[in-house]
Amino acid sequence: MKDDSRLRIATFNINGVRTRLPVLKAWLDVTRPDVVCLQELKCTTTQFPVEAVREAGYEALVVGEKRWNGVAILARGAAPLEIRRGLPGDPADLQSRYVEAAVRGIVVGCLYLPNGNPQPGPKFDYKLVWFERLLAHAAGLLKSGHPVVLAGDYNVVPTDADIYSPKSWQNNALLQPAPRAAYQKLLKQGWTDALHEQFPDKPAFTFWDYFRNHWPRDAGLRIDHLLLSPKLATRMKAAGVDKAVRGLEGASDHAPAWVEVED
DNA sequence: ATGCCCATTGCAAATGGA
């Protein structure tokens with residue numbers, strides 16, 4: 001349970017919100033984050049379990065899609081005030097990967113960056129183009145001067161220290177030089193990587209895939225990130241990963257990550 | 001180079017995800 005003078009903002013790739021509703025509810029009940037960014041809903045906007053989330057104390061802003069992707073912002077005790085749905089820069093892009101809202105005086109961007117596998121190929125190209133659009137939009141957000149958090153599944157392992165074994169993933173889209181360079185370019189705009197700030201020497205993993213006994217072996221990756229604008233970064237008090245959630249029955253392959261800022 | 005796991009579709013084993 002968190003300190004009441006702090007605001008906790010979390011991000012969680014739920015990997016199917018209907019299938020994993022018990023996991024989501026259990027986590028919300030125990031940790032009570034104030035703001036939650038969800039990715040990979042894998043349901044349409046109307047299929048989202050609005051009532052179950054409301055019973056847990058949250059109002060939701062949902063941008064769904066029939067089979068894949070889908071993002072949502074939950075706010076405890078109040079409705080997130082929608083700023084935009086979808087990332088600007090390509091009206092033809094219909095994938096539900098970005099939603100932005102104002103919550104408790106903070107601009108919250110919830111994103112699900114394309115995975116990009118297999119690479120090379122069209123999916124990898126889409127990842128890089130999407131990243132460029134994110135860079136452009138993020139620059140605008142910084143320029144606004146508002147306190148902003150950009151939270152979500154970036155599908156980028158920032159450095160070789162952010163994975164149990166870079167060698168076995170060297171050809172994976174998550175470790176390629178181009179998306180890594182794009183992530184560094186994003187940080188250079190002036191964003192603070194909250195988890196990196198909290199754990200500079202021993203990164204906290206946020207993802208353990210279902211293959212090869214990765215979870216029991218703690219063979220994880222850090223790909224879920226919370227980036228804070230300068231104004232919000234000065235208010236940061238703590239950050240962490242709710243690792244135990246990855247071990248629950250019917251778990252997502254991600255664990256929730258969070259940051260706490262002065263309210 | 002491939003499968004591993006997982007959920008879905010549709011009711012078995014193939015598909016697609018990342």
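By convention in this document, chain letters (A, B, ...) are assigned in the order of the sequence lines, proteins followed by strands, and residues within each chain are numbered from 1.
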Could you measure the distance from the SG atom of A:Cys110 to the CD atom of A:Gln39? Nearest 0.5 Å is fine.
4.5 Å

d([atom1], [X]; [atom2], [N]) in whole Å:
X: A:Arg212; N: B:dC5; atom1: CZ; atom2: P; result: 10 Å
X: A:Asp253; N: B:dC5; atom1: CG; atom2: P; result: 14 Å
X: A:Asp209; N: B:dT2; atom1: CG; atom2: C1'; result: 15 Å
X: A:Ile223; N: B:dA18; atom1: CD1; atom2: C1'; result: 9 Å
X: A:Phe207; N: B:dA18; atom1: CZ; atom2: P; result: 9 Å
X: A:Arg217; N: B:dC4; atom1: CZ; atom2: P; result: 16 Å
X: A:Asn171; N: B:dT2; atom1: CG; atom2: P; result: 12 Å
X: A:Leu175; N: B:dA18; atom1: CG; atom2: C1'; result: 13 Å

Does A:Arg20 have a side-chain nitrogen or oxygen under 4.0 Å from the phosphate oxygens OP1 or OP2 of B:dA7?
yes

Does the side chain of A:Lys123 get closer than 4.0 angstrom to OP1 or OP2 of B:dG17 through an N or O atom?
yes

Report yes if the distance between the aromatic ring centroids of A:Phe205 and A:Tyr164 is under 6.0 Å, otherwise no.
no

Distance between [atom1] atoms of [N] and [M] (Å, rounded):
N: B:dG16; M: B:dG10; atom1: C1'; result: 16 Å
N: B:dA12; M: B:dG17; atom1: P; result: 25 Å
N: B:dA1; M: B:dC6; atom1: C1'; result: 22 Å
N: B:dT8; M: B:dA18; atom1: P; result: 14 Å
N: B:dG3; M: B:dA14; atom1: C1'; result: 15 Å
N: B:dA13; M: B:dC4; atom1: P; result: 15 Å

Salt-bridge criterion met for A:Arg6 and A:Glu260 (N-O under 4.0 Å):
yes

Salt bridge A:Asp193-A:Arg222, side-chain N to carboxylate O under 4.0 Å
yes

What does [X] touch in the nucleic acid at a heavy-atom separation under 4.0 angstrom: a base, only the sugar-phosphate, or nothing?
X: A:Lys42; answer: nothing
X: A:Glu40; answer: sugar-phosphate
X: A:Arg18; answer: nothing

For A:Asn213 and for A:Arg67, locate the closest nucleotide of DNA chain B by heavy-atom distance; then report the residue assigned to the nucleotide nearer the 5' terminus.
A:Asn213

Is A:Tyr210 stacked on the base of B:dC5, meaning ring centres closer than 5.5 Å and planes within 30 degrees of each other?
no

Just by distance, do the side chain of A:Arg246 and the backbone of A:Ala251 share a donor-acceptor pair under 3.5 Å?
no

Just so I know, are the side chains of A:Trp258 and A:Asp242 near enough to count as touching, which here means a heavy-atom distance under 4.5 Å?
yes

Taking B:dT8, B:dC6, B:dA18 as options, the one with an atom nearest any side-chain atom of A:Tyr112 is B:dA18

Shortest side-chain distance from A:Thr19, nucleotide among B:dA18, B:dG16, B:dA7
B:dA7

